[in-house]
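Just so you know, these numbers use all the heavy atoms, side chains as well, and skip hydrogens, waters and symmetry mates.
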Amino acid sequence: MVVLNSLRTHPSVQTPVGASATTVGTSSPRWAHRIGRAVGVVLLSLAVLAVSVLILVPKVIGAQTYSVLTNSMAPKYSPGTFIVVQPVPFDELKLGDVITYQIKSGQPGVITHRITGIGFLQTGEKTLTLKGDNNDVVDPDAVREMQVRGKLLYAVPYVGFVGNALGNSDRSLWLVIGAVGLIGYGGVAVFRGVRSSRNSTKAKDSEEAGQNP
């Protein structure tokens with residue numbers, strides 16, 4: 001009789017312990033899945049934002065992109081700043097505008113400075129005087145309409161370092177590859193999080209069904 005009583009007591013003691021262990025053991029993975037899903041959503045959002053700001057917007061509006069290389073416009077536009085320059089009518093440019101212009105018309109070298117003066121040649125042609133915010137003197141030569149590439153639309157700090165590192169390679173291609181990679185990783189993370197959440201819910205429902213016949 002003693003043996004029979006001891007056998008009966010084992011299930012009554014072990015069952016709640018097993019149930020408690022199951023609950024504690026699954027709580028940590030659930031939190032891990034939630035964190036992973038949140039990280040995936042953040043990365044996916046950042047990737048979409050990066051693609052829009054760095055690629056889509058410039059392409060749609062016909063803007064050009066450059067990377068700041070010097071301190072002439074610091075601290076607002078420090079080296080490594082990614083700038084988007086939009087073409088605008090020359091007559092609409094005014095004092096205080098930041099523009100990008102060719103050092104020599106038709107040549108690739110450009111400078112991005114602020115308009116500090118407007119003048120006219122004897123022929124009546126309008127010219128611009130420019131100066132870097134961090135420079136003590138104005139640029140040596142007046143800028144003519146044919147040299148202007150566009151007006152600064154917006155700037156993104158530090159992103160230009162990536163473009164500088166890529167050198168003369170196709171920067172847009174590498175930006176697309178990086179953005180697609182982030183979107184892919186974020187999408188996979190979100191998918192795994194949703195699937196894990198569903199599996200956890202099904203397991204919990206099955207467990208509750210087994211405990212309540």
Side-chain angles (χ1 to χ4, degrees), residues 39 41-118 126-186:
V39 171
V41 170
V42 171
L43 289 177
L44 185 61
S45 301
L46 289 176
V48 172
L49 178 62
V51 170
S52 301
V53 172
L54 304 180
I55 301 175
L56 293 182
V57 172
K59 291 290 185 182
V60 169
I61 65 176
Q64 297 183 359
T65 60
Y66 300 94
S67 298
V68 177
L69 301 177
T70 69
N71 284 307
S72 65
M73 290 295 288
K76 190 170 185 179
Y77 307 111
S78 300
T81 301
F82 178 88
I83 61 174
V84 176
V85 177
Q86 181 181 21
V88 296
F90 188 71
D91 290 337
E92 293 184 6
L93 297 176
K94 60 185 184 300
L95 293 176
D97 287 344
V98 176
I99 67 169
T100 297
Y101 69 93
Q102 294 175 326
I103 301 174
K104 296 291 184 181
S105 180
Q107 296 184 8
V110 296
I111 294 176
T112 299
H113 279 173
R114 192 179 303 277
I115 299 175
T116 59
I118 297 176
K126 178 181 177 180
T127 62
L128 305 174
T129 300
L130 290 103
K131 174 181 173 296
D133 292 350
N134 198 36
N135 290 349
D136 295 327
V137 296
V138 299
D139 298 352
D141 299 317
V143 175
R144 304 169 64 185
E145 180 177 4
M146 66 184 69
Q147 296 173 254
V148 177
R149 306 303 298 165
K151 176 182 174 181
L152 177 64
L153 182 61
Y154 61 84
V156 184
Y158 309 118
V159 177
F161 285 124
V162 178
N164 295 341
L166 294 176
N168 294 324
S169 61
D170 192 339
R171 300 178 183 182
S172 297
L173 175 62
W174 284 108
L175 285 173
V176 170
I177 292 174
V180 169
L182 282 175
I183 291 175
Y185 177 81

Give a yes or no on whether the backbone of Q102 and the side-chain of Q147 come within a donor-acceptor separation of less than 3.5 Å.
yes
Hey, is OH on Y154 packed in by over 12 heavy atoms from elsewhere, all under 6.0 Å?
yes
What distance separates [X] [atom1] from [Y] [atom2], expressed to the nearest 0.5 Å?
| X | Y | atom1 | atom2 | value |
| --- | --- | --- | --- | --- |
| L128 | D141 | CG | CG | 13.0 Å |
| R149 | Q64 | CZ | CD | 4.5 Å |
| I61 | Q86 | CD1 | CD | 4.0 Å |
| Y77 | N71 | OH | CG | 15.0 Å |
| F90 | I99 | CZ | CD1 | 7.0 Å |
| Y158 | T81 | OH | OG1 | 8.0 Å |

Note: P87 and G62 closest approach over all heavy atoms is CD-O, 3.6 Å
Closest non-hydrogen contact found for V68 with T70 is CG1-O, 3.4 Å
Are [X] and [Y] close enough that some pair of their side-chain heavy atoms sits under 4.5 Å apart?
| X | Y | result |
| --- | --- | --- |
| I83 | T112 | yes |
| I118 | L95 | yes |
| V85 | L153 | no |
| T100 | I111 | no |
| P58 | V84 | yes |
| S72 | H113 | yes |
| V88 | L93 | yes |

Check step by step if side chain to side chain contact (heavy atoms under 4.5 Å, CB included) holds for V110 and Y66.
CA-CA 9 Å; V110 296; Y66 300 94; 3.8 Å; yes
Partners passing salt bridge (charged side-chain N to carboxylate O under 4.0 Å, His left out) against R114 (at least two apart in sequence or in another chain):
D133
Do T129 and I115 pass the side chain to side chain contact (heavy atoms under 4.5 Å, CB included) test, and can you show the C-alpha distance, the side-chain angles, and the key distance before you say yes or no?
CA-CA 6 Å; T129 300; I115 299 175; over 6 Å; no
Do any pairs count as a salt bridge (charged side-chain N to carboxylate O under 4.0 Å, His left out) and have a residue in residues 89-109, sequence neighbours left out, and if so which ones?
K94-D97, D97-K151
